[in-house]
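What you see below is based on every heavy atom in this structure, not just the backbone, and it leaves out hydrogens, waters and symmetry mates. Proteins come first, then strands; the chains are lettered A, B, ... in the order of their sequence lines, and each starts at number 1.
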Amino acid sequence: MEGAIFMQAVRENLRFRRVIPWLFLGGVVVLGFAMNWETFQPGADKESQYAAVSSIFVFHILALISAILTSTILNQEVENKTIVYLLTRPVPRWKLLFFRYLACSLVVAALASINAVFASAGVYHGLSGNSFLIKDIAALTVGAFAYGAFFMLIGLLFNRAMIVCLLFAFGWETAVPNMPGQMSYLSINTYLQAIAQHPSTGSNKGLAALSAALGENSISTSTGYITMIVFIVVLVVFGAGWFTHFEFLPREDAE
Amino acid sequence: MITATNVSRWYGQVIGVNDINCEIGPGITALLGMNGAGKTTLIRLITGQLRPTTGDLRVFGLEPFANPDVYRRMGYCPEIDNFYEHYTGRDFVRYLARLDGMSASVGNARTDEVIDMVGMSERANRKIAGYSKGMRQRIKLAQAMLHNPDLILLDEPLNGLDPVGRREFMDLLGGLADQGKAILVSSHILFEVEQMTRSLLLLHRGRLLATGDLGVIRSLIDTHPHQIRIETDEPRRAAALLAELPNIVSMKFDRSGDAVQLEVREPAAFYDALAAAVLEKGLTIRGFSSPDNNLESVFKYLVEA
Amino acid sequence: MSVATIQNLVVRYGNFTALNGLSCEISEGCTGLLGPNGAGKTTLIKTILGFIKPTSGTATVLGYDIEAAGTAIRQKVGLMPEQDCHIPGTTAVQFVAYAGELAGMPGDQAIRRAHEVLDYCGLGEARYRNVETYSTGMKQRIKLAQALVHGPKLLLLDEPTNGLDPAGREEMLELVRSVSHGKGLSVIVSSHLLPDIERVCDRVVVVMQGQLRAQGTIKDLKKIEGRPVDIELRDPSPAFVTAMQAQGAVVMPPKRTTYRIQLPGLPEEVAKIAMQVARDSGAQVRGFVIAERSLEDAFLEAISAK
Amino acid sequence: MASPIADLTYRNYDGPLEPPINRWWAIAKLSMKLSTKKKGFWAWSTLSAFWYIILLIFFYFTETVVSNVGAVGQKASPINNLIWKDQFLNAFGESQLFLFILALLMGAGTIANDNRAKALLVYLSKPCSKLDYVIGKWLGIFVPMTIVTAVPALIFYMYCLMSYRSAGFWTQDPWLIVRLLGMILIPGTLYSSITLAISSMFQQGRLAGGVFAGVYFISYFITLAMEGAYVSMSMGGSNPPGIVKGLFYCSVDGLQAAMAKIILHTNGSPKLPIPGGAKFQVPEPSTFIFVPAFFGVCALSLLIAWSQIRAVEVVR
């Protein structure tokens with residue numbers, strides 16, 4: 001039963017029409033920029049080049065993929081009213097939510113990692129030689145789960161979830177990491193950058209702002225992991241509890 | 001199987017159902033009511049999508065809200081017309097079979113079985129997006145019967161089915177009911193309900209207005225006034241003979257002069273008197289009929305009263 | 001004078017044939033379009049409106065050829081589709097007036113007429129509310145209203161009573177009946193609910209597998225040979241049946257408490273015998289009418305005949 | 001003979017009917033009516049003019065200061081050194097985010113919601129064609145968008161024409177009004193085409209909005225990255241390569257900026273009068289690449305919308 005929920009959710013997220021825009025984004029935009037990044041940041045070494053492409057494109061695309069795909073966990077079903085078929089089956093609700101979340105986050109992580117691979121392949125002209133790639137994939141996976149948990153909770157609590165998610169992904173997540181003082185601790189991206197440990201972009205303020213590295217980021221990798229895992233667990237448990245306890249009905253048309 | 005004690009449910013300020021007390025056992029039970037009478041709310045309460053705001057609702061002795069133990073024994077055909085449109089009918093039912101806890105192979109076998117039961121075998125491999133309303137209904141019914149539940153709730157199941165499909169489906173439900181399953185059908189197409197049900201619940205503005213089996217309904221029919229039309233060549237004589245009866249409220253002659261229309265308070269007594277008039281007084285009639293001798297007029301009578 | 005003439009109409013989607021050489025004539029008044037699911041009723045309606053190009057065959061609607069004059073036809077035809085449909089974000093008045101404007105009415109006329117049509121359709125104060133909050137019954141009403149707003153000469157109704165409760169159905173049928181008689185407006189109703197068709201229509205056209213199966217007036221379809229009678233009893237009574245059979249009557253299997261009985265003689269005589277028998281066997285006669293075939297039976301016969 | 005009691009049962013409509021062609025205006029009218037009913041429309045429209053307001057305040061203070069101090073000659077007023085058309089370009093650049101939000105508000109749901117509500121059944125069962133539908137929907141976004149862009153720009157133009165002819169407002173470019181009228185059409189044309197395309201691909205307005213926002217922001221990051229690269233290279237004294245300048249314009253915002261610069265025929269100048277700031281402005285792009293690109297994107301979008309809008313679902 002768990003397997004069926006999981007596999008159905010994976011298949012739903014991996015539908016051709018859904019995946020193709022992300023692959024296009026990775027294969028054309030990310031790869032294109034990665035291959036030519038030296039033009040834009042002359043004199044930078046390969047590590048810095050990769051770090052710039054990764055922070056500017058891959059991590060922002062991760063937030064975008066997550067914001068859009070997370071709505072398939074629940075919101076889409078609620079909006080489409082098909083949720084009733086799932087809620088009236090002998091499956092505990094938390095299982096339903098958890099396995100759909102798992103599937104969705106894994107797909108998001110995979111798609112984001114493909115983008116990272118494109119970035120790496122572009123900068124290093126091949127798959128080898130990049131010591132950051134593994135760390136990045138780890139950070140992206142953690143990020144997929146963290147964004148997934150957060151957006152899922154937003155979806156459970158709000159009606160217009162996608163707009164809130166997009167505002168968070170592009171507003172909050174690009175602005176807050178660059179804020180002075182300890183504000184940057186309130187952004188998921190800060191911790192992901194801590195896990196990825198990208199080299200500094202140097203004196204280039206413009207690029208630093210884009211790669212969310214303006215703020216004082218002195219978090220260690222392990223702190224990044226621990227914070228994110230606690231964050232994910234708390235959010236998922238809270239979400240599952242909320243989903244089990246409250247009614248999830250499509251909006252009542254004045255019957 | 002279902003016991004409701006003082007169940008009420010409201011949404012914000014809008015009341016869905018108000019103080020429902022009832023028990024539903026095996027066999028087919030019809031849930032009747034106008035649009036907005038609370039039928040769907042009641043079904044949603046029973047299927048555990050909603051919690052009663054006040055009161056206590058038990059299904060198989062358990063609280064149904066988000067309770068897998070209840071769902072294991074309950075099938076539900078919702079009134080919505082929404083599916084995973086890009087799935088084929090078969091894949092849709094298969095997926096739900098897996099959610100019912102069946103293994104892939106058992107699920108597939110059972111899927112084929114129920115799809116065959118609703119007569120969709122040849123069409124089940126097409127995408128649901130291309131289905132007509134009738135086909136959609138059939139798929140919804142198929143998924144409700146998947147795990148061979150003891151209790152089946154059907155919200156407007158016959159909408160959009162053609163007459164042949166309706167007949168097949170009513171036979172199917174009849175067969176299930178004979179196996180001792182409880183089936184709750186909400187509908188507002190009364191002549192259909194009349195054909196398949198044994199007992200009914202009538203909701204009106206959120207309240208339970210009437211409950212009972214056919215016998216109760218029968219006597220309900222007899223306690224409200226009937227319009228009876230008698231076709232005869234001698235309407236005035238018929239009127240004279242019948243006017244003596246105490247339970248006649250009014251009489252009216254047709255313009256064409258070959259029929260008389262009566263309003264009768266106690267139909268049971270009246271029909272005996274009519275037979276007596278024909279047999280003993282030699283009144284000749286070509287025919288008589290009453291549009292009120294059925295569920296639809298009881299319904300109207302009760303709701304309008 | 002016929003409203004629509006259809007000759008050898010063939011419609012294919014890919015290799016699927018939806019209409020297979022359909023020919024029929026739809027005359028003025030109210031016509032019921034019957035057929036099982038997937039028989040091609042909806043396709044026929046869509047073809048009449050020019051949504052679908054026929055593969056072969058011709059049809060004229062209100063004197064226009066469907067292939068040459070799609071827009072002219074659509075200005076004179078109103079469609080009430082089966083699915084719920086509305087313009088998002090509008091109130092009922094806006095929606096109906098807009099439908100009128102789309103059909104070519106000047107804006108000020110459209111508003112006036114929208115109110116008028118909504119009155120006919122029995123939509124009261126709710127007309128100033130957003131359409132998206134409407135119940136099924138109200139949605140059906142505005143669908144009808146938007147089909148009527150531009151004063152069509154032909155109205156196509158696809159399952160008009162779907163999802164309506166008994167009172168709503170009654171009103172809807174009454175409305176359809178009143179607009180289709182004596183107002184210069186012809187109506188084609190497609191429905192699965194045969195009692196509804198019986199209430200409002202004068203004629204029916206039965207379609208199956210894309211072909212015409214039967215057409216004619218309802219009266220003709222319902223006639224039965226041999227003048228049997230239907231006797232309705234209060235409760236089922238086997239004793240009554242045996243006694244009637246003893247009288248030499250042919251008793252057909254009962255439908256609930258209604259027995260169809262064939263006995264020679266005038267109805268007056270039969271009535272007398274039946275009442276006598278019923279009284280003797282302890283049953284009560286609740287109704288006695290000359291039997292007619294129900295439209296449902298006629299329909300089932302038409303579609304099962306090969 | 002007229003009866004004293006009117007017959008109020010159903011009657012046919014026998015008033016005037018326009019010929020069943022060109023129904024698009026009715027469609028556009030309703031689209032506009034519905035968008036202008038939203039509060040957000042007015043709020044974001046007002047906000048989109050904020051740079052003009054800042055400019056006016058700036059002018060006011062400079063003039064007050066100049067006239068009060070008195071001793072400083074007319075020549076010293078910073079107003080005299082302004083490149084006037086660049087003020088319009090800057091205000092346009094600042095309004096882009098708001099115009100995007102407006103487009104999101106008006107356009108994202110326009111066809112997607114119709115798909116969900118099956119509104120096409122209503123449209124197409126009336127005498128209006130798919131072409132009417134597309135034109136109507138397009139105009140329904142284009143007209144309000146253009147008006148929102150035009151009103152503050154034209155008011156500002158009138159104000160400057162009255163007050164600052166002495167500061168070279170007229171002599172710098174007498175054809176400015178014609179160029180402005182061209183610039184005003186840019187966001188309406190692009191956004192109405194793009195939103196129609198995206199909207200037509202979805203059944204839910206929100207999903208269409210999400211995707212539109214995604215396209216906008218991801219492409220916006222390209223522009224931002226290129227701007228960062230351009231500025232840092234210019235500061236470092238090197239001349240940024242053509243690809244940086246080209247890619248800077250490869251986004252929803254960038255494409256509009258490119259068109260605006262081409263139409264105004266300017267490289268732009270910094271928003272605050274910093275001496276030497278002009279070298280950080282990405283220069284005017286090639287007319288022969290970006291004008292066809294702009295119209296290509298619009299045409300392609302309309303083509304997508306056209307192919308996605310289907311009259312009836314074919315039920316097999």
Extract all donor-acceptor atom pairs below 3.5 Å that involve side chains of residues 84-95 of chain C and protein atoms in other chains or at least two apart in sequence.
{"from": "T90(C)", "atom 1": "OG1", "to": "I87(C)", "atom 2": "O", "distance (Å)": "2.8"}
{"from": "T91(C)", "atom 1": "OG1", "to": "Q94(C)", "atom 2": "N", "distance (Å)": "3.3"}
{"from": "Q94(C)", "atom 1": "OE1", "to": "T91(C)", "atom 2": "N", "distance (Å)": "3.2"}

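Using a 4.5 Å cut-off between heavy atoms, R11(D) touches chain C through backbone and side chain atoms alike. Using a 4.5 Å cut-off between heavy atoms, P106(C) touches chain D through backbone and side chain atoms alike. For chain D, no part of L156(C) is nearby; none of its heavy atoms comes within less than 4.5 Å. Within the 4.5 angstrom heavy-atom criterion, only side-chain atoms of L34(D), from C-beta onward, approach chain C. When heavy atoms are compared at a cutoff of 4.5 Å, A110(C) does not approach chain D at all. Only the backbone of V77(C) comes within contact range of chain D, with at least one heavy atom under 4.5 Å from a heavy atom of that chain.
With chain D as the partner, the residue from E116(C), R112(C), K153(C) showing the most heavy-atom pairs under 4.5 Å is E116(C). In terms of heavy-atom pairs under 4.5 Å with chain C, the best-connected choice from A117(D), P16(D), G109(D) is A117(D). Of the listed residues (G100(C), A103(C), G78(C)), the one with the most heavy-atom contacts under 4.5 Å to chain D is A103(C). Your options are A147(C), P152(C), G50(C), G104(C), and the one with the most heavy-atom pairs under 4.5 Å with chain D is G104(C). Of all the listed residues (T42(C), L148(C), L49(C)), the one sharing the greatest number of non-hydrogen pairs under 4.5 Å with chain D is L148(C). Per-residue counts of heavy-atom pairs under 4.5 Å with chain D were compared for G107(C), G184(C), A99(C); the largest is that of A99(C).
Ion pair E82(C)/K143(C) not flagged as a salt bridge, since none of the NZ, NE, NH1 or NH2 atoms sits closer than 4.0 Å to an Asp/Glu carboxylate oxygen. Remark: E174(C) does not engage R177(C) in a salt bridge, criterion side-chain N to carboxylate O under 4.0 Å.
Taking the six-membered ring where the residue is Trp, the centroids of F100(D) and F217(D) are separated by under 6.0 Å.
Looking at D196(C) and T161(C), their side chains do bring a donor and an acceptor atom within 3.5 Å of each other. Under 3.5 Å, the side chains of Y98(C) and Y123(D) contain a donor-acceptor pair of N or O atoms.
Checking each of K126(D), R23(D), K29(D) against E101(C) for a side chain to side chain donor-acceptor pair (under 3.5 Å) leaves exactly one that passes, namely K29(D).
Ring planes of F212(D) and Y191(D): perpendicular class, angle over 60° (limits at 30 and 60°).
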